[in-house]
Engineer: 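Quick one: this structure, given as structure tokens, is what I'll be asking you about.
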Amino acid sequence: MPLTVKRLGNLIGAELIGLDLTQSLDEATVAEVRRAWLDNLVLVIRGQDITPAQHVAFSERLGDPERGNALSHYNHPEHAEILMVTNHMINGKPSETRNTGRQWHSDLSYTLRPPMGSILHAREIPEVGGDTMFSNMYAAYETLSPAMQAFLDPLQAVHDFMNSKDMARRDPVTVEAMKQRTPPVAQPVVRVHPETGRRALYVHEAATTHIEGLTPEESRAILDFLFRHCETHEHIYRHRWQLHDIVMWDNRCVSHIALFDYSHSSPRHMLRTTLIGTPSGSVRSRGTPADLRAVAAG
Ligand code: OGA
Ligand code: MN
């Protein structure tokens, strides 16, 4: 069956119709999926009642799935490539991934190898709520003035997973262990997409703490402006989940947020594979505001 690409949003998002991920795909179909992904940034494939093994097999056709996430107790018991984004109890405790993505972010931007893409499969969804929103970060860059683009182009911003509000709600012992393993990382404020060559803004409210070389006050003002600019509705596709949807996004040019407008008494169970990306960024230490001021002063 030929593949149809149906646009879902004005600047971002399309549905792929005609795929059956219980079957293995031929090379020509995989090439079409890749093309549609680069063109539309977010792809939706509905009605895929697939097993975790089929989810991994599909992911492997598009890239190299990361194995064994840092939060390894949330990996699927039989598939280290799958992270469970779930509000089920895990080992008798509320899952730490139940509040994943509540602020705008790009997955793992605070690492030296931020993933190219993520592929999420809806296994259980609440009766109401729990949508995910995706923002086109090429558009965010392209709608800035040439003067602002030129100002931002050479800058680096620091990303730290500790910046996320979710960390306060997590188990302090796990957070401390992650803190030791995961120092902050400076990333370009404007990233050149390695496949399309297009420039995309790469700052995210959940992780980006400050822009290097500016005073803390300048950095705060510019970042707040950029965060608001990225959430403008013109740049967004909002996905309303149906059971067995697959949604895949390109982390290099998309920011996303998981809305918490449902109750944790309604199960929401999603499985994610994460495709390894190209190296980007350099390690920084966790500074205090006073240190940042010293850095900005030169
Ligand atoms: C993620 C994520 C969004 C959601 O898995 O990376 O942000 O709606 N999930 O669950
Ligand atoms: Mn995410």
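First listed ligand is number 1; within each ligand, the first listed atom is number 1.
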Engineer: For E81 and T273, which I'm curious about, is there any donor-acceptor pair between the side chains at under 3.5 Å?
Structural biologist: no
Engineer: Any idea which of L120, L259, N251, D131 brings a heavy atom closest to atom 9 (N) of ligand 1?
Structural biologist: L120
Engineer: Output the distance between atom NE2 (H244) and atom CG (D49), rounded to the nearest 0.5 Å.
Structural biologist: 3.5 Å
Engineer: Please work out whether the ring planes of F225 and H229 are parallel, tilted or perpendicular, with thresholds of 30° and 60°.
Structural biologist: parallel
Engineer: Considering heavy atoms of the protein only, find what lies nearest to atom 2 (C) of ligand 1 and give residue, atom and distance to 0.1 Å.
Structural biologist: H256 NE2, 3.8 Å
Engineer: If we count only N and O atoms by modelled type, under 3.5 Å, do the side chains of T100 and R102 hold a donor and an acceptor together?
Structural biologist: no
Engineer: How about CG on D261, more than 12 heavy atoms from neighbouring residues, nucleotides or ligands closer than 6.0 Å, or not?
Structural biologist: yes
Engineer: Which class fits the ring pair F134 and H256: parallel under 30°, tilted 30 to 60°, perpendicular over 60°?
Structural biologist: parallel
Engineer: Would you check the N or O atoms of R272, main chain and side chain alike, for any that come under 3.5 Å of an N or O of ligand 1?
Structural biologist: yes
Engineer: Looking at non-hydrogen atoms alone, which of H105, R268, M270 comes nearest to atom 10 (O) of ligand 1?
Structural biologist: R268
Engineer: Looking only at N, O or S atoms, find the one in H256 nearest to the Mn ion (ligand 2) and name it.
Structural biologist: NE2
Engineer: Of all the N, O or S atoms in D107, which has the shortest distance to the Mn ion (ligand 2)?
Structural biologist: OD1
Engineer: Suppose I only count heavy atoms of D107 and a 4.0 Å limit; which atoms of ligand 1 are within that range?
Structural biologist: 6 (O)
Engineer: Have T86 and H269 got a donor and an acceptor in their side chains that come within less than 3.5 Å?
Structural biologist: yes
Engineer: Show me which atoms of ligand 1 lie under 4.0 Å from any heavy atom of T132.
Structural biologist: 3 (C), 4 (C), 8 (O)
Engineer: Identify, by atom number and element, the atoms of ligand 1 in contact range of V85, meaning under 4.0 Å from any of its heavy atoms.
Structural biologist: 5 (O), 10 (O)
Engineer: With side chains defined as the heavy atoms from C-beta onward, is the minimum distance between P114 and N251 less than 4.5 Å?
Structural biologist: no
Engineer: With heavy atoms of A258 as the reference, note each atom of ligand 1 found under 4.0 Å away.
Structural biologist: 3 (C), 4 (C), 8 (O)
Engineer: For W249, is the nearest heavy atom under 4.0 Å from an atom of ligand 1?
Structural biologist: yes
